[in-house]
Amino acid sequence: VRGRRPFTDRERDILVHDSVVIPFGEGYGAVSESEEDTLVAAAREDPAAFGALYDRYLDRVYAYLRARTNVEEDAADLTQHVFLRALRGIHDYRGGRDRFAPWLFRIARNAATDFYRRRRDSVTWDLVPAALEPITEGDLESGLLRDEDLSRLRALLATLDPERRELLALRFAAGLTIAEIGAVVGKSEEATRKRLTRTIHALQEQYHDIDR
Amino acid sequence: MTSIDKRYPDLMGDDDGAAPERARLVADLDRAYRAPAPEHLRAAIARAATAALPVPEQRRRPRWRRPTLVAAALLAALVAGVASANVNPPLIDEATRYSPAAGVVLRQYAHSVNVAASACGYTLRLLRVYADANRVVVGYTLSGPIGRPFRSEGADIPVLADARNPRAYIENLNLGASFGVVGPTEGLFAAYNAYKIAQGARTLRLRLTLPSASFDEDIYPLALGAPRSSCETYSDGGIRQVGPPFPVLGAVPALAALFPGLTNTVHERIVSIHKPLSVTFTVPVDPARRVITPRQTVVAGRTPLTLDHVVVTRSETRVYLRRTTPGHILEFLNFTLYAGKRRYNDGIPLFHDWWQDHAPATRLYDFWFEGPPYDYHGMWTLVVQRDPYVMTAPSRLFPGGPWVFRFRVP
């Protein structure tokens, strides 16, 4: 049976500070996979330790949900919902081969699916968010050209079926590995890899054709 | 190598001579999907999560890796006779340990069946089935080839369907498993939403399918190789520390990979079987059902909410609420049900097909509670209120509350 090694000094710093619940969202994001195992184990014992995991995944969960909704406020509300559900369900997380990231994104995916089904009258699936960041690189002209490229890319993405868009959202917005994506969507790693690779290949051909 | 190359090495194929275009596409996809969380969200979740703490919930599912529990399960199975039929019901009971309502119906009201399907030395054996107006519960075992040192990380979700229409899947509500594959059998249970199939039916003809299964298998010693089967696929499960590292040898990682026994580690592989295992069975629908129709509307904070009806069966209590105001949905609400002095928290919303079929046209939403006893008679109270931990704009919350419904269950 897999044992849990003792906490390192750094992990203790992350988890506990004078027996006070650690503040959430205060810069504990940079932890390694092995540290994450320890953090998950700690969070299962003491929900106060969940803060470090939350910090690590907030942007990724939000970006994924932003890709699944077309209103920023919806993504923000769903993100809250996902983390609170994860916090309450951390005891149910079984660990081991089922890594934390797929577990968390299964919650996020279910939340997005439920949300969409309840609001299907007013929400369309997966409109890749319009550029949220101001142009900061290069000059204005090149920035505008890049924005045109992104607009064309979004138009292409809109033609894909939901399953393929889901794979892309999990890879690019959520930042999951192919194995993790397989765990989220319930497919083998090999099947996921093939599907994603074919999607990228098809997109590339169309993207290239537009340029000609 | 650019940061994009590093982050997406699996997508940077150069086999078609179009590497630059591929790199550009991947970079643009990365940019298109980029959406940093707003700062106010970070603070909002921090406050909400901190407010939600502590959460001293009783652990509802097994702590799979606790040595004493697994050892106890192994010992119990060995004493009882490893692969005998007698050990299977306790394994299923163990699987429902953290879902007591499912355990009650499987122990007291379920029907014994004994149908099995095998492939590649793996066997799915259905032992107990139960159905009522709210849900179908099945208890079954999954066995691997004898003599293989498996540890289960949980089988796939079995698919339940109408036997006459195998594509008509029935929504899964709950799962549970015993403490690993024991000698080499694991007990499991699964519960499904019977709403669509059990209304008015006396019996159900159903088909349970396990699409695939996977286990962790210890390979020892790795240097001698491990047996392979054409039925199975394998992937690396990594090295697992089974105790404190041995002095001297334990400090050499290379030795752990080659000779795990010398370093108090074992090497695991993940064994997967992709041949579906299916069994077909018939289960009578338990007629024990009480339907209460309070049709009770409560106005709180100027917002009306109606408790339409309640269906009480042995497996669960399901409450149906109707929204009467436009523009809001019943999200971020807490549900507490009181049956006499007993209290049941967290009515769990049924989403999926139910929402698709019924909301928003009827504005009827249902929530289920495991636990409220079918045989309890008297006054029941349902309290619906906003989740105090969700912080969002007031305009986005279902306004008003709390709503308190009282109804008598005869």
Side-chain angles (χ1 to χ4, degrees), chain A residues 1-3 5 21 23-25 47-48 50-51 54 58-59 62-63 66-67 72-73 75-77 79-81 83-84 87-88 91-92 94-98 113-114 117-119 121 128-129 131-133 149-150 153-154 157 168-169 171-173 178 188-189 193 196-197 200 203-204 207-208, chain B residues 10-11 13 16 18 21-22 25-26 28-38 41-46 48-50 52-55 57 59-61 64-67 70 153-154 156 216 235 237 240-243 270 272 274 329 331-332 351-352 355-356 359-360 389-393 396:
Chain A
V1 175
R2 205 184 304 265
R5 62 179 170 76
V21 173
F24 281 74
F50 193 78
Y54 146 76
L58 174 63
D59 281 335
Y62 175 80
R66 186 71 182 85
E72 283 182 47
E73 286 75 14
D77 283 359
T79 304
Q80 288 190 60
H81 191 58
F83 278 105
L84 288 171
L87 177 63
R88 288 168 177 151
H91 289 306
D92 294 338
R94 291 166 60 168
R97 181 156 46 80
D98 187 8
T113 302
D114 294 339
R117 281 174 170 158
R118 279 177 283 159
R119 295 194 173 184
D121 51 341
V128 177
L132 299 173
E133 296 183 351
D149 288 345
L150 288 183
L153 181 57
R154 289 192 188 96
L157 293 173
L168 291 172
R171 185 70 184 91
F172 289 95
I178 287 177
S188 72
E189 182 177 351
R193 184 189 310 281
L196 188 59
T197 304
I200 294 284
L203 271 178
Q204 183 182 331
Y207 204 36
H208 190 62
Chain B
D10 50 330
L11 302 180
D16 51 4
E21 287 82 3
R22 174 71 60 88
L25 171 64
V26 170
D28 283 353
L29 282 167
D30 178 73
R31 188 165 173 229
Y33 278 101
R34 195 182 303 159
L41 177 61
R42 190 174 293 274
I45 297 180
T50 304
L53 294 175
V55 186
E57 290 183 356
R59 193 179 299 279
R60 288 176 294 168
R61 289 187 186 172
W64 301 89
R65 301 194 180 285
R66 176 164 283 189
V70 176
E153 291 292 346
D156 286 1
D216 282 356
S235 55
R240 178 165 58 94
Q241 188 78 37
V242 293
I270 301 164
S272 298
H274 299 288
I329 57 175
E331 59 185 331
F332 306 140
F351 296 133
H352 309 300
W355 292 106
Q356 203 159 14
Y389 301 128
V390 171
M391 299 182 183
T392 186
R396 299 176 60 77

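Below, all heavy atoms of this structure are taken into account, side chains as well, without hydrogens, waters or symmetry copies.
With sequence neighbours left out, B/D30 forms a salt bridge (Lys or Arg N to Asp or Glu O under 4.0 Å) with B/R7, B/R34.
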Apply the test side-chain contact (heavy atoms from CB on, under 4.5 Å) to residues A/R171 and B/D10: give CA-CA distance (whole Å), side-chain angles for both, the deciding distance (0.1 Å), then the verdict. CA-CA 11 Å; A/R171 185 70 184 91; B/D10 50 330; 2.9 Å; yes
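In plain terms, the two heavy atoms of B/L11 and A/L196 that are nearest each other are CD2-CD2, 4.0 Å. Contact detail for A/A63 and B/Y33: the closest heavy-atom pair is CB-O, 4.0 Å. Listed here is the closest heavy atom pair of A/I200 and B/L29: CD1-CD1, 3.7 Å.
With rounding to the nearest 0.5 Å, the separation of CD in A/Q204 from CZ in B/R22 is 4.5 Å.
Judged purely by atom type and a 3.5 angstrom limit, A/D59 has no side-chain atom pairing as donor or acceptor with the backbone of B/P36.
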